Peer 1: 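Structure below; questions to follow.
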Amino acid sequence: MQTMENSKLQEDLLREFKEEKELINAQLALLDPLAVSLRKPVAARIWNSLLLVAFEALSWLGIATVISFCVIRDKVYPFYILARMRSQGAKLGFSDRDMNNLYNSVIVFSVIICILLFIIARNLAKIRKKNNILQMAGKTIKTVVGEQLKRKAAINTIDQRHFGILEPLPIPETKATEVLNPGH
């Protein structure tokens with residue numbers, strides 16, 4: 001009875017060992033290409049990050065410039081003419097309504113530009129944050145793949161020790177007239 005329980009235990013352990021081996025191979029097949037694709041050289045990562053920060057800063061600077069323009073537009077060169085035309089439009093033959101519409105259209109365009117720059121700045125910030133998350137995910141996946149490779153090596157060692165077999169290495173087919181290059 002004891003030997004029957006031992007054989008069942010042994011069968012269960014062997015089945016579990018084979019399933020773990022298959023699981024690790026499947027996980028490595030999924031994770032390794034992902035880790036490779038997420039890896040980026042440090043210089044490229046820093047360059048991308050600097051570009052995103054620079055463009056985000058330019059967007060915020062553009063917003064500040066547009067807001068300050070709205071405040072001082074009556075004193076800036078071509079736009080102070082609009083303020084003069086608005087007050088003296090009747091003398092030039094334009095209605096007050098047309099002059100007010102022209103004057104206010106500059107404000108509307110400034111607000112539209114401000115909104116668009118704000119959207120660009122927020123999207124650049126989101127991209128920068130997502131890049132940081134992807135970098136962290138790449139490091140984590142690289143660590144997980146390393147641990148899985150260690151586990152796979154341990155399982156292969158156990159497999160070779162107890163079963164004496166490893167997956168056979170493929171032997172390249174050669175023609176009889178071909179001479180193999182030992183340095184290649």
Side-chain angles (χ1 to χ4, degrees), residues 19-156 170 184:
E19 287 175 4
E20 184 176 356
K21 186 176 177 181
E22 290 172 4
L23 175 69
I24 288 174
N25 288 335
Q27 287 176 344
L28 283 173
L30 287 173
L31 292 175
D32 195 37
L34 185 60
V36 169
S37 68
L38 286 175
R39 256 184 258 149
K40 225 183 205 185
V42 174
R45 218 175 27 245
I46 290 173
W47 177 249
N48 287 341
S49 186
L50 287 175
L51 275 176
L52 288 172
V53 167
F55 284 132
E56 185 180 355
L58 282 174
S59 296
W60 288 111
L61 183 65
I63 290 170
T65 303
V66 169
I67 290 172
S68 64
F69 165 75
C70 287
V71 172
I72 62 168
R73 74 181 170 282
D74 292 342
K75 294 171 181 67
V76 177
Y77 166 59
F79 299 103
Y80 79 89
I81 296 172
L82 286 175
R84 287 181 50 200
M85 286 176 63
R86 182 179 177 201
S87 63
Q88 300 173 2
K91 292 179 186 176
L92 298 172
F94 297 106
S95 70
D96 286 338
R97 181 175 177 210
D98 290 339
M99 296 300 4
N100 280 335
N101 287 343
L102 181 62
Y103 186 78
N104 291 333
S105 67
V106 173
I107 296 170
V108 170
F109 285 130
S110 299
V111 169
I112 290 172
I113 290 171
C114 210
I115 290 170
L116 292 176
L117 286 173
F118 179 77
I119 291 170
I120 290 170
R122 294 304 304 151
N123 285 336
L124 288 171
K126 286 178 186 177
I127 290 170
R128 194 170 33 85
K129 289 175 185 174
K130 285 181 183 179
N131 283 348
N132 290 340
I133 291 169
L134 286 174
Q135 177 188 2
M136 186 177 65
K139 285 181 181 178
T140 304
I141 290 174
K142 184 179 175 183
T143 304
V144 168
V145 167
E147 293 298 318
Q148 291 291 58
L149 286 173
K150 286 179 188 175
R151 184 67 185 139
K152 182 179 180 180
I155 286 177
N156 285 341
H184 195 26

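Keep in mind that this is a model prediction, so the values were computed, not measured. The figures here come from the full heavy-atom set of this structure, side chains too, leaving out hydrogens, waters and symmetry mates.
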Peer 1: Can any side-chain N or O of R122 pair as donor or acceptor with the backbone N or O of I119 at less than 3.5 Å?
Peer 2: no
Peer 1: Of all the heavy-atom pairs spanning L124 and E56, show the shortest one and how long it is.
Peer 2: CD1-N, 3.5 Å
Peer 1: Assess whether side chain to side chain contact (heavy atoms under 4.5 Å, CB included) is satisfied between Y103 and R73, documenting all intermediate values.
Peer 2: CA-CA 10 Å; Y103 186 78; R73 74 181 170 282; 3.2 Å; yes
Peer 1: Please report the interatomic distance CG(N101) to CG(D96), rounded to the nearest 0.5 Å.
Peer 2: 11.0 Å
Peer 1: Which heavy atom of A83 sits nearest a heavy atom of D74, and at what distance?
Peer 2: CB-OD1, 3.6 Å
Peer 1: Does the side chain to side chain contact (heavy atoms under 4.5 Å, CB included) test come out yes or no for L92 and Q88, once each step is laid out?
Peer 2: CA-CA 7 Å; L92 298 172; Q88 300 173 2; 5.6 Å; no
Peer 1: Within a 6.0 Å radius of atom CZ on F69, are there more than 12 heavy atoms belonging to other residues, nucleotides or ligands?
Peer 2: yes
Peer 1: Atom CG in L52, atom CG in N48: separation rounded to 0.5 Å?
Peer 2: 6.5 Å
Peer 1: Given the rule in the side chain to side chain contact (heavy atoms under 4.5 Å, CB included) test, do V106 and F109 qualify, once you have shown the distances and angles that lead to the verdict?
Peer 2: CA-CA 5 Å; V106 173; F109 285 130; 5.8 Å; no
Peer 1: To the nearest 0.5 Å, tell me how far R151 CZ sits from N156 CG.
Peer 2: 10.5 Å
Peer 1: Roughly how far, to the nearest 0.5 Å, is CD of E20 from CD1 of I155?
Peer 2: 4.0 Å
Peer 1: Ignoring hydrogens, what is the shortest heavy-atom contact between L117 and G62? Give both atom names and the distance.
Peer 2: CD1-C, 3.5 Å
Peer 1: Can you find a heavy atom in the side chain of N104 that is under 4.5 Å from one in the side chain of I107?
Peer 2: yes
Peer 1: Under 4.5 Å between any side-chain heavy atoms of N132 and Q135, yes or no?
Peer 2: yes
Peer 1: Could you give the distance from CG (N123) to OG (S59), rounded to the nearest 0.5 Å?
Peer 2: 9.5 Å
Peer 1: For residues L31 and I141, report the shortest heavy-atom separation together with the two atoms involved.
Peer 2: O-CG2, 3.7 Å
Peer 1: Quick one: pull up CG in N100 and OG in S105 and give me the separation to the nearest 0.5 Å.
Peer 2: 10.5 Å
Peer 1: Please test S49 against N131 for side chain to side chain contact (heavy atoms under 4.5 Å, CB included), starting from the C-alpha separation and ending with a verdict.
Peer 2: CA-CA 8 Å; S49 186; N131 283 348; over 6 Å; no
Peer 1: Hey, are the side chains of L82 and M99 touching, using non-hydrogen atoms and a 4.5 Å cut-off?
Peer 2: no
Peer 1: Using the side-chain contact (heavy atoms from CB on, under 4.5 Å) criterion, which residues pair with L23? Sequence neighbours excluded.
Peer 2: Q27
